[in-house]
Amino acid sequence: MSKYDSIKTAADLVAEVKLHGLSTDQEDICRAQDIFGSTPTVELAILANDIGQNNHYSTQGTFYMIVSHIWNWEEVTRFWNQHTNPEHEQMKELREKLNAEMAEHSNTKKALEEQRVSTNAEHKFLLAERGKRVEQGEKIESLKAEIHDRDMTIMELKAKLYDLLVERKEAV
């Protein structure tokens, strides 16, 4: 039988402990765990953050004294960080800002990757075009050389024709 059996809410337990101290008997600790376990987190946060404003007595110190006996250190620390720590809101804002910047960074990274892929495709296209132009330039040079060779052949043939005509004229 626990001396806290008649207590139903965490606020009543905090008031009882504030007036008479915390009983560390096993049954009383178990009952305190049951009471705090069945209390909504919002109500626990109110008790954890009450520092004696609005003509109420402060419950924060008593609340954390109780939870340090019924919860493990990690749970107490987590609750403090999530519900009481004055820097928690600032940390939440910073985390949201960080997440937004990470999302923006991710979008920028994605856009850069898309731009890189596009640039590589354009580069390959331009290289292919340049290769075609070089190939066409080589063909043009080859054709010019062929034309030059034919022109030379024509000039040689004309020279031979002239020589033949001059020889014939002299023979006649």
Side-chain angles (χ1 to χ4, degrees), residues 1-140:
M1 188 86 176
S2 170
K3 75 181 221 176
Y4 300 139
D5 281 341
S6 63
I7 297 174
K8 303 294 182 210
T9 67
D12 292 340
L13 179 61
V14 169
E16 173 66 23
V17 170
K18 188 152 186 80
L19 292 174
H20 300 104
L22 179 65
S23 171
T24 56
D25 290 343
Q26 189 62 39
E27 304 86 35
D28 296 335
I29 293 295
C30 288
R31 178 65 185 140
Q33 287 174 329
D34 290 341
I35 293 168
F36 271 65
S38 64
T39 304
T41 305
V42 173
E43 291 179 29
L44 293 176
I46 291 169
L47 293 169
N49 291 309
D50 187 353
I51 55 173
Q53 299 171 341
N54 301 327
N55 296 325
H56 290 119
Y57 62 91
S58 171
T59 59
Q60 187 177 57
T62 307
F63 174 85
Y64 279 106
M65 188 263 302
I66 294 169
V67 296
S68 68
H69 282 85
I70 63 173
W71 292 346
N72 65 39
W73 175 250
E74 290 82 14
E75 289 174 342
V76 174
T77 303
R78 180 187 54 78
F79 192 88
W80 165 265
N81 285 333
Q82 290 181 345
H83 301 287
T84 305
N85 189 346
E87 296 173 350
H88 179 68
E89 287 302 315
Q90 182 182 9
M91 188 172 65
K92 269 177 53 178
E93 290 172 8
L94 289 173
R95 186 175 293 125
E96 288 171 4
K97 184 178 177 182
L98 174 66
N99 289 340
E101 288 178 6
M102 293 287 284
E104 183 179 334
H105 173 72
S106 178
N107 292 339
T108 302
K109 189 175 177 181
K110 184 179 178 182
L112 285 173
E113 180 61 22
E114 290 171 359
Q115 182 64 40
R116 185 189 67 77
V117 168
S118 172
T119 301
N120 282 345
E122 184 178 350
H123 181 69
K124 286 179 183 177
F125 173 77
L126 290 175
L127 283 176
E129 286 295 313
R130 187 177 193 194
K132 287 178 186 176
R133 286 185 183 160
V134 166
E135 190 178 297
Q136 287 172 348
E138 289 172 353
K139 250 186 192 176
I140 289 171

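The CD atom of E135 sits 11.5 Å away from atom CD1 of I140, with the distance rounded to the nearest 0.5 Å. From F36, atom CZ reaches atom CD of E43 across 11.0 Å, with rounding to the nearest 0.5 Å. The line from SG of C30 to CD1 of I35 is 11.5 Å long, rounded to the nearest 0.5 Å. If you take NE2 on H123 and CG on L126, they are separated by 8.0 Å, rounding to the nearest 0.5 Å. The line from OG of S2 to CD1 of I7 is 8.0 Å long, rounded to the nearest 0.5 Å. Distance CD/E122 to CG/L127: 11.0 Å, rounded to 0.5 Å.
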Under 3.5 Å, which donor-acceptor pairs do the side chains of residues 60-68 form with other protein atoms, sequence neighbours left out?
unit_1	atom_1	unit_2	atom_2	d
Q60	NE2	A48	O	2.9
Y64	OH	T84	OG1	2.5
S68	OG	Y64	O	3.2
S68	OG	M65	O	2.7

Review item, side-chain donor-acceptor pairs of residues 16-24, under 3.5 Å, at least two apart:
unit_1	atom_1	unit_2	atom_2	d
E16	OE2	H20	ND1	3.0
K18	NZ	S58	O	3.3
S23	OG	D25	N	3.4
S23	OG	D28	OD2	2.4

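Side-chain N or O atoms of S106 include none that pairs as donor or acceptor with a backbone N or O of M102 at under 3.5 Å. No donor-acceptor pair under 3.5 Å is formed between the side chain of D50 and the backbone N or O of L47. Between the side chain of R130 and the main chain of F125, no donor-acceptor pair closer than 3.5 Å is present.
Other residues, nucleotides and ligands contribute more than 12 heavy atoms inside 6.0 Å of the CD atom of E113. Counting heavy-atom neighbours within 6.0 Å of E129 CD, excluding the residue itself, gives a total above 12.
The shortest side-chain heavy-atom distance between Y4 and D34 does not fall under the 4.5 Å cut-off. Side-chain contact between H83 and L44 is absent, with no heavy atoms from C-beta onward closer than 4.5 Å. You'll find the side chain of T9 stays beyond 4.5 Å of the side chain of T39, heavy atoms only. Annotation: side chain of H105 is not in contact with side chain of E101 (no heavy-atom distance under 4.5 Å).
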Evaluate the criterion side-chain contact (heavy atoms from CB on, under 4.5 Å) for residue pair R31 and D5; output intermediate values, then yes/no.
CA-CA 7 Å; R31 178 65 185 140; D5 281 341; 3.8 Å; yes
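Checked against side chain to side chain contact (heavy atoms under 4.5 Å, CB included), Q115 has the following partners two or more places apart in sequence or in another chain: T119.
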